[in-house]
Amino acid sequence: MLLAVLPAAAGSQDSAFAPGERTFSSGYRFVEMSGEELFVNVCQGCHMGDGAGAVGAGSYPSLAANANLGAGGYPVYLVLHGRRGMPPFAGMMSDDQVAAVVNYLRTHLGNNFQDMVTAKDVKDARQ
């Protein structure tokens, strides 16, 4: 019964915002396109707003100043395929979205990796 109510509630919440402004994605695919929007609406719920991660009901690794993000292929793989408690997002994000969020993580939160991941890199990692 609760699931039947959620879409109606989400739809009514969307109407409270200006056109083009969203707080939640609709449906199974994310609508956010920038790395920052994706981080805020998808990642920070577990990894926290500052990227420091958390431990409690689960263990969510820190993304802040994380040397593991140095090789762009590693976070691309994790976003696409998930790991442990992190779900795979391959079916929910386009190649451009994965590249955007990975590049955001690699250039923010105390990370300064300047070699950008491209949508083609993500496409190749899907295969």
Side-chain angles (χ1 to χ4, degrees):
M1 186 64 152
L2 177 61
L3 292 177
V5 174
L6 287 177
S12 65
Q13 185 174 10
D14 281 346
S15 64
F17 296 95
E21 182 180 339
R22 293 186 162 272
T23 57
F24 296 104
S25 293
S26 60
Y28 183 73
R29 301 209 27 111
F30 294 108
V31 297
E32 299 83 0
M33 292 306 293
S34 78
E36 182 176 19
E37 290 173 322
L38 287 159
F39 175 78
V40 167
N41 290 338
V42 179
C43 310
Q44 85 172 2
C46 295
H47 296 281
M48 303 297 112
D50 62 359
V55 176
S59 178
Y60 307 97
S62 175
L63 301 172
N66 187 330
N68 290 330
L69 299 177
Y74 178 71
V76 166
Y77 180 87
L78 291 179
V79 171
L80 290 175
H81 303 288
R83 181 172 179 220
R84 298 186 186 143
M86 181 177 152
F89 292 106
M92 297 176 221
M93 289 186 190
S94 69
D95 296 344
D96 288 324
Q97 288 170 308
V98 173
V101 74
V102 166
N103 286 329
Y104 178 81
L105 294 173
R106 296 181 73 233
T107 58
H108 291 79
L109 308 172
N111 298 304
N112 192 25
F113 305 107
Q114 296 301 312
D115 56 318
M116 295 294 154
V117 170
T118 65
K120 183 181 180 326
D121 296 331
V122 177
K123 181 179 179 180
D124 292 346
R126 288 184 188 271
Q127 300 172 8

Nearest 0.5 Å, please: how far is CG in Leu109 from CD in Gln44?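 If we round to the nearest 0.5 Å, Gln44:CD and Leu109:CG are 9.5 Å apart.
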Calculate, to the nearest 0.5 Å, the distance between atoms CE and CD belonging to Met33 and Gln97 respectively.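 Separation between the atoms: 4.5 Å.
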Heavy-atom pair of closest approach, residues [X] and [Y]:
| X | Y | answer |
| --- | --- | --- |
| Ala100 | Ser34 | CB-C, 4.2 Å |
| Ala64 | Asp50 | CB-O, 3.8 Å |
| Ala52 | Ser62 | O-CB, 3.3 Å |
| Asn111 | Asn66 | OD1-N, 2.8 Å |
| Leu105 | Phe39 | CD2-CD1, 3.6 Å |
| Met116 | Asp121 | O-OD2, 4.1 Å |

Are Met86 and Val98 linked, directly or through intermediate hydrophobic residues, by side-chain heavy-atom contacts shorter than 4.5 Å (ILVMFWY only)?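 Yes; Met86 is reachable from Val98 via cluster members.
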Is it possible for you to say whether Leu63 and Met48 belong to one hydrophobic cluster, with membership spreading through side-chain heavy-atom contacts below 4.5 Å?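 Different clusters: Leu63 never reaches Met48 through Ile, Leu, Val, Met, Phe, Trp or Tyr contacts under 4.5 Å.
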If we only count heavy atoms from C-beta on, is the Arg29 to Ser94 side-chain gap below 4.5 Å?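 The answer is yes; the side chains approach within 4.5 Å.
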Side-chain contact, heavy-atom cut-off 4.5 Å: Leu38 with Phe30?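 The answer is yes, as the side chains (C-beta and beyond) meet within the 4.5 Å cut-off.
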Residue of the set Val117, Thr107, Leu69 for which side chain to side chain contact (heavy atoms under 4.5 Å, CB included) holds with Val102: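 Exactly one pass, corresponding to Val117.
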Mind telling me whether Tyr104 and His108 have parallel, tilted or perpendicular rings, with 30° and 60° as the class edges?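 Answer is parallel, since the angle falls under 30°.
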So with a 6.0 Å cut-off around CZ of Phe113, is the heavy-atom count from everything else above 12?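 It does: Phe113 CZ has more than 12 such atoms within range.
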Quick check against the 3.5 Å criterion: does [X] have a side-chain atom that pairs as donor or acceptor with the backbone of [Y]?
| X | Y | answer |
| --- | --- | --- |
| Glu32 | Asn41 | no |
| His47 | Pro61 | yes |
| Arg106 | Gly70 | yes |
| Asp95 | Val122 | no |

